[in-house]
Amino acid sequence: MAYDYEYFKKEVYNLTKIDLNAYKEKQMKRRIDTLISKHKVVGYDNYVKMLKTDKEMFEEFVSYLTINVSEFYRNPEQWELMDKDIIPELIKKFGKNLKIWSAACSTGDEPYSLVMALSRHIPLNQIKIFATDIDKQILEKAKLGLYNAKSIENVPADFKKKYFEQVGASYRISDEIKSRVEFKQHNLLKDVYPKDVNMIVCRNVLIYFTEEAKDEVFRKYNDSLKNGGILFIGSTEQIINYKEIGYDRKNSFYYVKP
């Protein structure tokens with residue numbers, strides 16, 4: 001029993017409130033087994049004991065568990081559409097005081113990209129992005145705002161020049177942009193969702209979830225959005241039953257709550 005993955009999932013939930021049942025098992029189990037073998041630990045029970053007593057190992061585990069692959073302006077053509085169509089449409093419907101949620105925001109690339117994209121249409125001091133992630137360490141990295149050259153390669157040239165400062169081999173985003181984002185820890189599968197949101201951005205995260213968990217999250221996003229609000233998802237994702245949930249599809253990646 002102690003070596004069983006079912007036991008391990010329960011223990012992880014008790015420790016972290018992360019429900020591993022919501023993730024594709026084969027993929028997640030492989031990631032966890034790799035981490036356990038890296039530490040030369042034998043059995044899930046021994047690894048659980050270490051997670052309970054070793055703070056560094058616990059934090060490493062949570063970081064490893066949460067998938068963090070992100071970059072600024074990922075899939076630039078989708079951000080062009082955001083600039084030309086989506087933001088003007090939102091402003092027309094709701095005015096300039098938009099409530100925008102960047103869910104599963106990882107290292108902050110996405111919410112900071114949103115601030116820059118919005119700044120072409122709205123004064124910077126009127127922009128506020130609510131950004132959440134399950135991983136505390138990743139949120140700390142996001143608040144720090146230091147990125148490598150690859151992360152920022154799709155940032156428009158004028159923004160790169162205006163809002164990034166080179167520090168050694170890294171690039172630091174300006175406090176002007178950072179101050180427009182509020183970061184908070186949030187578990188998509190457990191915590192209460194914000195209400196009356198004008199746009200939700202959640203990209204390339206739900207691909208790791210089971211179909212049931214995905215469906216639940218998309219329904220909760222729909223409840224979170226105001227009528228006329230927009231959901232922006234990743235290029236690797238689609239909502240098969242979007243009509244049934246209550247969305248209209250603008251294109252492959254943008255869905256609107258009518």
Side-chain angles (χ1 to χ4, degrees), residues 1-70 101-108 110 130-142 183-194 200-224 231 233-234 236-241 244-245:
M1 164 65 182
Y3 290 83
D4 186 55
Y5 188 62
E6 290 302 314
Y7 153 83
F8 181 71
K9 286 192 287 188
K10 282 177 195 161
E11 289 296 311
V12 166
Y13 185 76
N14 291 337
L15 280 172
T16 66
K17 294 296 177 274
I18 295 171
D19 184 3
L20 293 180
N21 288 311
Y23 294 84
K24 292 173 182 170
E25 184 159 312
K26 199 175 172 185
Q27 201 174 20
M28 188 53 82
K29 191 170 180 293
R30 188 171 60 241
R31 282 176 66 81
I32 292 164
D33 289 348
T34 302
L35 186 60
I36 290 174
S37 63
K38 182 187 120 177
H39 288 293
K40 299 182 171 55
V41 178
V42 179
Y44 291 127
D45 57 341
N46 287 321
Y47 189 56
V48 166
K49 281 175 197 166
M50 292 180 85
L51 292 179
K52 287 176 178 175
T53 55
D54 187 322
K55 188 170 182 283
E56 270 185 34
M57 192 174 274
F58 175 77
E59 285 176 358
E60 178 203 42
F61 172 68
V62 174
S63 250
Y64 193 77
L65 207 60
T66 52
I67 320 288
N68 296 299
V69 180
S70 193
W101 177 22
S102 174
C105 68
S106 188
T107 48
E110 213 134 74
F130 179 57
T132 64
D133 200 276
I134 197 170
D135 186 341
K136 259 189 193 168
Q137 281 183 299
I138 282 295
L139 290 174
E140 289 309 313
K141 281 186 191 173
F183 290 102
K184 192 178 175 186
Q185 192 177 22
H186 181 272
N187 183 336
L188 286 171
L189 296 164
K190 180 176 118 348
D191 294 333
V192 174
Y193 283 32
I200 298 171
V201 179
C202 180
R203 307 177 69 222
N204 307 308
V205 175
L206 300 186
I207 47 168
Y208 302 103
F209 284 21
T210 62
E211 291 307 314
E212 295 75 22
K214 259 190 245 184
D215 189 72
E216 182 191 336
V217 170
F218 285 138
R219 286 175 191 277
K220 285 183 175 176
Y221 283 159
N222 193 270
D223 288 342
S224 269
L231 171 64
I233 63 171
T236 53
E237 297 161 329
Q238 55 179 317
I239 311 175
I240 309 287
N241 59 337
E244 182 200 315
I245 295 175

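Throughout, residue positions are numbered sequentially from 1 according to the sequence presented. Being a predicted model, the structure only gives us computed values, none of them experimental.
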Please find the pair of heavy atoms, one from Cys105 and one from Leu139, that lie closest to each other, and give the distance.
SG-CD2, 3.8 Å

Interatomic distance, CE@Met50 vs CD@Glu56, rounded to 0.5 Å, equals 11.5 Å

Report yes if some heavy atom in the side chain of Ile245 is under 4.5 Å from a heavy atom in the side chain of Ile239; otherwise report no.
yes

Over all heavy atoms of both residues, which pair between Glu110 and Ser102 is shortest? Give the atoms and the distance, please.
CB-OG, 4.1 Å

May I ask you to decide if the ring planes of Tyr193 and Tyr221 are parallel, tilted or perpendicular, using 30° and 60° as cut-offs?
tilted

Could you report the tightest heavy-atom contact between Ile32 and Phe61, atom names first, then the distance?
CG1-CE1, 4.3 Å

Within the 4.5 Å heavy-atom criterion, are Leu35 and His39 side-chain neighbours or not?
yes

Name all residues meeting the side chain to side chain contact (heavy atoms under 4.5 Å, CB included) criterion together with Ile240; count only those two or more places apart in sequence or in a different chain, and write none if there are none.
Gln238

Would you say that more than 12 heavy atoms from the other residues, nucleotides or ligands in this model lie under 6.0 Å from the NZ of Lys190, or not?
yes

Partner set under side chain to side chain contact (heavy atoms under 4.5 Å, CB included) for Lys184, not counting sequence neighbours:
Phe130, Thr132

Rounded to the nearest 0.5 angstrom, the CG-CD1 distance for Asp191 and Ile134 is 8.0 Å

With sequence neighbours excluded, residues passing salt bridge (Lys or Arg N to Asp or Glu O under 4.0 Å) with Asp33:
Lys29

For Glu216, enumerate each residue passing the side-chain hydrogen bond (donor to acceptor under 3.5 Å, both in side chains) test, keeping only those at least two apart in sequence or located in another chain.
Lys220

Results of side-chain hydrogen bond (donor to acceptor under 3.5 Å, both in side chains) for Lys9 - residues two or more places apart only
Glu6, Asn21, Glu25

The criterion is side chain to side chain contact (heavy atoms under 4.5 Å, CB included); which residues satisfy it with Ala142, sequence neighbours excluded?
Phe183

Euclidean distance, Asn187 CG relative to Asp133 CG, rounded to 0.5 Å:
10.0 Å

Could you walk me through whether Leu206 and Ile233 pass the side chain to side chain contact (heavy atoms under 4.5 Å, CB included) test, one step at a time?
CA-CA 9 Å; Leu206 300 186; Ile233 63 171; over 6 Å; no

So, taking the atom named OG1 in Thr107 and the one named CD in Gln137, what distance separates them when rounded to the nearest 0.5 Å?
13.0 Å

Would you give the length of the straight line joining atom CZ of Arg30 to atom OG1 of Thr34, rounded to the nearest 0.5 angstrom?
7.5 Å

Just jot down the side-chain hydrogen bond (donor to acceptor under 3.5 Å, both in side chains) partners of Lys55, sequence neighbours excluded, or say none.
Glu59

Taking only residues two or more places apart in sequence, or in another chain, which ones meet Glu244 in a side chain to side chain contact (heavy atoms under 4.5 Å, CB included)?
Arg219, Asn241

Distance-minimising heavy-atom pair for Leu188 and Ala104
CD1-CB, 4.3 Å

How long is the span from the CH2 atom in Trp101 to the NE2 atom in His186, to the nearest 0.5 Å?
4.5 Å

Of all residues at least two apart in sequence or in a different chain, which pass the side-chain hydrogen bond (donor to acceptor under 3.5 Å, both in side chains) check with Glu11?
Lys52

Set of residues satisfying salt bridge (Lys or Arg N to Asp or Glu O under 4.0 Å) with respect to Lys40, sequence neighbours excluded
none

Which of parallel (below 30°), tilted (30 to 60°) and perpendicular (above 60°) describes Tyr44 and Tyr5?
tilted

